[in-house]
Number of protein chains: 2
Amino acid sequence: MNPHRVTLADIARGCDVSRATVSLVLRNSPLVAAGTRKKVEAELKRQGYVYNRAAANLRQRTSSSVALVVNDLSNPFFAEFAAGVDETLGAAGFVTLLGSTGESTEQQRRVLSTLNEHAPAGIILSPAEHSDGTELLGIVGAHTPVLVFNRQLSSAHWDFLALDNRRGARRATEHLLQLGHRRIAFFGGHADSSSCRERRQGHADALQAAGIAIEPQWLVESAPTRLQAAAQTGALFVRDPAPTAAVCYNDAVALGLMLGLNARGCRPGHDFSVTGFDDIPEAAVSLPALTTVATDPRARGRQAAERILERVRHPELVPCEMHASAELVVRDSSCPPPHY
Amino acid sequence: MNPHRVTLADIARGCDVSRATVSLVLRNSPLVAAGTRKKVEAELKRQGYVYNRAAANLRQRTSSSVALVVNDLSNPFFAEFAAGVDETLGAAGFVTLLGSTGESTEQQRRVLSTLNEHAPAGIILSPAEHSDGTELLGIVGAHTPVLVFNRQLSSAHWDFLALDNRRGARRATEHLLQLGHRRIAFFGGHADSSSCRERRQGHADALQAAGIAIEPQWLVESAPTRLQAAAQTGALFVRDPAPTAAVCYNDAVALGLMLGLNARGCRPGHDFSVTGFDDIPEAAVSLPALTTVATDPRARGRQAAERILERVRHPELVPCEMHASAELVVRDSSCPPPHY
DNA sequence: GGCCCCTTTTGTATCGTTCTAAATGGAACG
DNA sequence: CGTTCCATTTAGAACGATACAAAAGGGGCC
């Protein structure tokens, strides 16, 4: 590809030592004499040498990269996660190999096997919906440490980092209960996605603990986008009595619901309470500011990267399951029910 | 690092042919006999062979990766851009090496030299503010093709892909002029950032063409965030006559300004017109929906990746400058001035 | 001078591929 | 039966680095 890339041999020739010596200089070995080191360093600079890590990795049978596979960076949650991963990996001298699946298991197959050919030291994978753990194991092999993020896979010889969806949703629901709500919907998300199931479960836990039966018509599905959520607002009000509050699948849905409520002349934070999930930056500046469950995806990214580095350094470690706690952030979109 | 990674030699031994033959099978060479191919392929599957692209790249003096360096993925504009880059690179069989600078030139140095050691076929760089082109050239060397995105660098032997900030802002301003506005502010952004300067220039162009003088008090700075923008709203109204419309630095600023206007009892899209820049997803669903200039960062990412691949395939190509047109999207936040 | 020891340097094999040129082994031909 | 030719296969040297063991050079000591 290149006209000519400068190599160890060029430097060695240029200052009349052996390749081995130059290599020792590069790695700051105490073996080389001060004078020689000076001479070699000058030549390195003169010729504009750049280290070839691939060659070194090949010889040493090591790797200095970690693969990161997510659905889609345009989802801010994953973008933040990726930023956290890259930050930590970079600080440890590793480089991030990026791949995205777009929620397609087929593309996930392709991406994983391509990335795997680059022999990453480890893989951080947020699996596409409906992934088959055994199949994925077949693709990446048993060598490479994998950390699964966000969605559990059936066959789990792998590290797993999850948000505590269930407890997070439970906290949001309990908060609404404390404010005096009794008719609390769960709004948005696809019921067949695992994160939605878990959040619904947390919602159910809280209601059950309060001795309140769950009405199926208060479980409303919608695609997890603002627009779709806004369009589904009406579904909450088809039957009497309507709910007085909704725990939303995530912030996008919650913001959409607030739009939908406004359009019906119902003021969120006054006539109806709304909670979100994720605490995206907008949540703090919406009108009203959104009460939500913070997951801090950037910190999760750092955590994932740290764990995978740990695994790389100590391959004998036993896979573990980590549940990141999700904390409630109370703002203005939740209030006591009207006529309370 | 690994207990043992299966290599060509293992396969060769396993089915009693030479390494060379196995290599030919892997690359679908027409030279190998059908029977041999079958035998080898079976053995490949049996042992769970995975190709080592690093070794192949070393031998062939090629590379199958492209480095992508951005400020920060948590900015949705760059996240979308990255998604577009990765999509196109992935489809071409390349892998994306990620790096982020956080707008620090020092970190940019570090990140670039680390990435460069992995010998990427090309680099897509959205430079940190105040980058020194000559210095960067020193780091990456003259070998590797570089595409600079979004911010021009002084020393330009490199491809450059820019948004047409100036014309975009000009279009937005012309749109407001056509609606009948005469007192049009430029709101938000840091005046020392190049993109802000360019957009202000476009604003000035349009006003000048309409024979309208620019009032300095209508150029308001603010950090490019919703919150900061909302806080700066008052700065538009300190003097009489106040502007009747504002061209905003970007959508975040525009949304913030609309919040600030609402808080003053001034209804955007009725009493005051606002335009944004970027067309982030929220722009379409805000209230009122935001008139803005669409830059389609994902498409820009695809474009950047395509161009760099082109450069990789044809290193003799002359560096070029590409200005992506930015199109006005008219929605509800712009309207004729009151009492018109 | 010969011997030992210590510091510094180096030759050579190796990592897992691909490339080159050359070898192998039939079949076809005269 | 010896050639030629073709289709396959292969040995061995790269690629750019590192590891290992061994060599070289200089003191110091008897």
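Note that this is a predicted model, so its numbers are computed, not measured. In what follows, every chain begins at residue 1, and chains take the letters A, B, ... in the order their sequences are listed.
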Just by distance, with hydrogens left out, do [X] and [Y] show a side-chain donor and acceptor under 3.5 Å apart?
X: Glu87(A); Y: Ser100(B); answer: no
X: His4(A); Y: Asp10(A); answer: yes
X: Thr101(A); Y: Asn71(A); answer: yes

Tell me whether the side-chain N/O atoms of [X] come closer than 4.0 Å to OP1 or OP2 in [N].
X: Thr36(A); N: dT9(C); value: yes
X: Arg27(A); N: dA19(D); value: yes
X: Gln60(B); N: dC19(C); value: yes
X: Ser18(B); N: dT10(D); value: yes

Output the rounded distance in Å from [atom1] ([X]) to [atom2] ([N]).
X: Arg37(B); N: dT9(D); atom1: CZ; atom2: C1'; answer: 13 Å
X: Leu58(B); N: dA14(D); atom1: CG; atom2: P; answer: 14 Å
X: Asn28(B); N: dT18(C); atom1: CG; atom2: C1'; answer: 15 Å
X: His4(B); N: dC15(C); atom1: NE2; atom2: C1'; answer: 12 Å
X: Arg61(B); N: dC19(C); atom1: CZ; atom2: P; answer: 13 Å
X: Glu117(A); N: dT17(C); atom1: CD; atom2: P; answer: 10 Å
X: Arg5(A); N: dC15(D); atom1: CZ; atom2: C1'; answer: 12 Å

What is the nucleic acid contact for Ala20(A), judged by heavy atoms within less than 4.0 Å: base, sugar-phosphate only, or nothing?
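If one applies the 4.0 Å heavy-atom cut-off, Ala20(A) turns out to touch a base.
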Using a heavy-atom cut-off of under 4.0 Å over every strand shown, decide if Thr21(A) touches base, sugar-phosphate, or nothing.
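The residue Thr21(A) makes base contact.
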Starting the side chain at C-beta, find the nucleotide from [options] nearest to [X].
X: Arg59(A); options: dG16(C), dT10(C), dA17(D); answer: dA17(D)
X: Leu24(B); options: dA17(D), dT10(D), dT17(C); answer: dT10(D)
X: Ser23(A); options: dT18(D), dT8(C), dG16(C); answer: dT18(D)

Report the distance from atom CG of Asp296(B) to atom CD of Gln303(B), rounding to the nearest 0.5 Å.
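Result: 10.0 Å between the selected atoms.
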Check this for me: Asp192(A), atom CG, are more than 12 non-hydrogen atoms of other residues, nucleotides or ligands nearer than 6.0 Å?
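Counting neighbours around CG of Asp192(A), more than 12 heavy atoms of other residues, nucleotides or ligands fall under 6.0 Å, so yes.
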